[in-house]
Protein chains: 2
Amino acid sequence: MTYVQLAPDLQHIPDFQHIDDDECHRFQGTMELIGRRWSSAILLALTRGAERFSEIRAVIPGLSDRLLSQRAKELEAAGLIERRVVASTPVQISYHLTRRGADLMESLQPLAHWGQQWGDLPR
Amino acid sequence: MTYVQLAPDLQHIPDFQHIDDDECHRFQGTMELIGRRWSSAILLALTRGAERFSEIRAVIPGLSDRLLSQRAKELEAAGLIERRVVASTPVQISYHLTRRGADLMESLQPLAHWGQQWGDLPR
DNA sequence: CTGGATCCCTATCGATACTG
DNA sequence: CAGTATCGATAGGGATCCAG
C-alpha cells in the first residue's frame with residue numbers, strides 16, 4: 001500500500017503513520033491468517049490451556065477434525081503453535097502456543113476489549 | 001467456546017481468562033470480518049486519510065472495484081466506516097472511519113507492533 | 001467517478017468414511 | 001486418539017462490461 005497522509009483527526013494514532021509497504025503486507029497477512037475460520041478460536045483454546053487434539057475440538061463446537069488438523073498445520077507453519085509428540089504407547093500429541101504465538105495473543109487483548117466495549121457486530 | 005483453565009504459563013494474560021461464550025463469538029466474528037481479504041488494508045487506507053473510492057483503490061494495488069465496493073458495504077454494515085454522499089454534480093462520495101472503526105484501529109496497534117517485532121510470517 | 005451485473009474459475013467447507 | 005481421503009456444495013474472487 002502506498003503511503004498517504006494520516007487523517008488529521010487520527011494523528012493521535014502513532015503506530016500506523018510510519019508503516020511502509022512491507023509492514024502493510026505483514027499486517028494484512030497476519031490478519032488473514034488469524035482471521036480464517038476457527039483460527040482465533042483455536043489460539044484462544046490453547047491460551048486457555050487446551051492441549052490435546054480432542055480437547056481443542058471439544059471446546060470449539062462446530063469445529064471438525066479436518067479443519068482442526070488443517071488449521072493446526074497452518075498455525076504451526078506460521079510459528080504460532082508447536083506440536084509435541086511423546087513416543088509413548090499410545091503416542092501422546094499435544095499442542096502449545098509458541099512464545100511468538102503467546103505474544104500474538106497478548107497483542108490481541110485490546111481487540112478483545114474493543115469487542116466488549118462495542119458489543120455485537122451488527123448483522 | 002467452553003471455558004477451560006488458562007494455561008499456567010499464560011496466566012499473566014488477564015483478558016482472556018474471563019471471556020464467556022458470547023464474547024468468544026464476538027471475538028471470532030471480529031477477526032473474520034477484518035481478516036477477509038482487503039478489509040484491513042481498506043481500514044488502514046482510511047486511517048491514513050484516504051477518503052474517495054478511487055483514492056482508496058489507488059493506494060491498494062490489486063484491489064478491484066468490485067471487491068472495494070463489496071468490502072465497503074460489509075464494513076459499513078459492521079458500523080466501522082461511514083459513507084457520506086454530497087449531492088453535488090457530480091455526486092461526491094467519501095468514506096470515513098466511524099468512532100467505532102477508529103477505536104478498532106487503535107486496538108490493532110499492538111498487533112502491528114507484534115508484526116514488526118517478529119518479522120515476516122514463515123511461508 | 002462510483003459502482004452494479006455477469007461470467008466463470010478456484011478455494012474452501014462440511015459431511016462422511018476410513019486408518020495406524 | 002489423532003488424524004487422512006474423498007466428494008459434492010458453496011462462497012470468494014478476478015475479469016470484463018455496463019450505467020447513473
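Chain identifiers are assigned alphabetically (A, B, ...) following the order of the sequence lines, protein sequences preceding nucleic acid strands; residue numbering begins at 1 within each chain.
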* N/O donor-acceptor pair, side chain Arg36(B) with base dG12(D), under 3.5 angstrom -> no

* Structure fact -> note: Phe53(B), atom CZ; dA19(D), atom P; distance rounded to Å ~ 18 Å

* Asked: Between dT6(C), dA2(D), dC13(C), which one does the side chain of Arg71(A) approach most closely?
  -> dC13(C)

* Looking at Arg83(A), does any N or O in its side chain come under 4.0 Å of the phosphate oxygens OP1/OP2 on dG3(D)? -> yes

* Distance below 4.0 Å between Ser69(B) side-chain N/O and dG4(C) OP1 or OP2 -> yes

* Is Glu76(B) salt-bridged to Lys73(B), going by a charged N under 4.0 Å from an acidic O? -> no

* **Value in whole Å for how far the C1' atom of dG3(C) lies from CZ of Arg52(B)** => 12 Å

* Structure fact -> Closest of dT2(C), dG3(D), dG14(D) to the Tyr95(A) side chain is dG3(D)

* Candidate nucleotides dG3(D), dC13(C), dG14(D), ranked by approach to the side chain of Arg37(B) - the nearest -> dG14(D)

* Asked: Which pair of non-hydrogen atoms, one from Glu32(B) and one from Arg37(A), has the smallest distance, and what is that distance?
  -> OE2-CA, 3.3 Å

* Phosphate OP1/OP2 of dT4(D) contacted by Lys73(A) side-chain N/O (<4.0 Å) -> yes

* Quick one: do Leu46(A) and Val86(A) end up in the same hydrophobic cluster if we chain Ile, Leu, Val, Met, Phe, Trp and Tyr together by side-chain heavy atoms under 4.5 Å apart? -> no

* For Arg100(A) and Gly79(A), work out which heavy atoms get closest and say how close. => CD-O, 3.4 Å

* Write down the distance between CG (Asp65(A)) and P (dG20(C)), rounded to a whole number of angstrom. => 17 Å

* Asked: To the nearest Å, how far apart are Ile60(A) CD1 and dC13(C) P?
  -> 14 Å

* What's the CG-P distance between Leu68(A) and dG14(C), to the nearest Å? -> 13 Å

* Structure fact -> Rounded to 10°, the angle between the first-five-pair and last-five-pair axes of the helix from dC1(C)-dG20(D) to dG20(C)-dC1(D) is 50°

* To do: Please state whether the rings of Phe53(A) and Tyr95(A) are parallel, tilted or perpendicular, taking 30° and 60° as the class boundaries.
  => tilted

* To do: Figure out the CH2/C1' separation between Trp38(B) and dA11(D), and round it to whole Å.
  => 18 Å

* Counting just side-chain N and O atoms, does Ser54(B) come under 4.0 Å of either OP1 or OP2 of dT2(C)? -> yes

* Give the rounded distance in Å between these two atoms: CG of Leu67(B) and C1' of dA11(C). => 14 Å

* **Donor-acceptor pair between Gln92(B) and Arg52(B) side chains, under 3.5 angstrom** => yes

* To do: Please name the residue in the list Glu82(B), Arg84(B), Arg83(B) that meets the side chain to side chain donor-acceptor pair (under 3.5 Å) test with His96(B).
  => Arg84(B)

* Structure fact -> note: Glu55(A), atom CD; dC1(D), atom P; distance rounded to Å ~ 11 Å

* Hey, which of these two, Arg66(A) or Gln92(A), hits DNA chain D nearer its 5' end, going by closest nucleotide? -> Gln92(A)

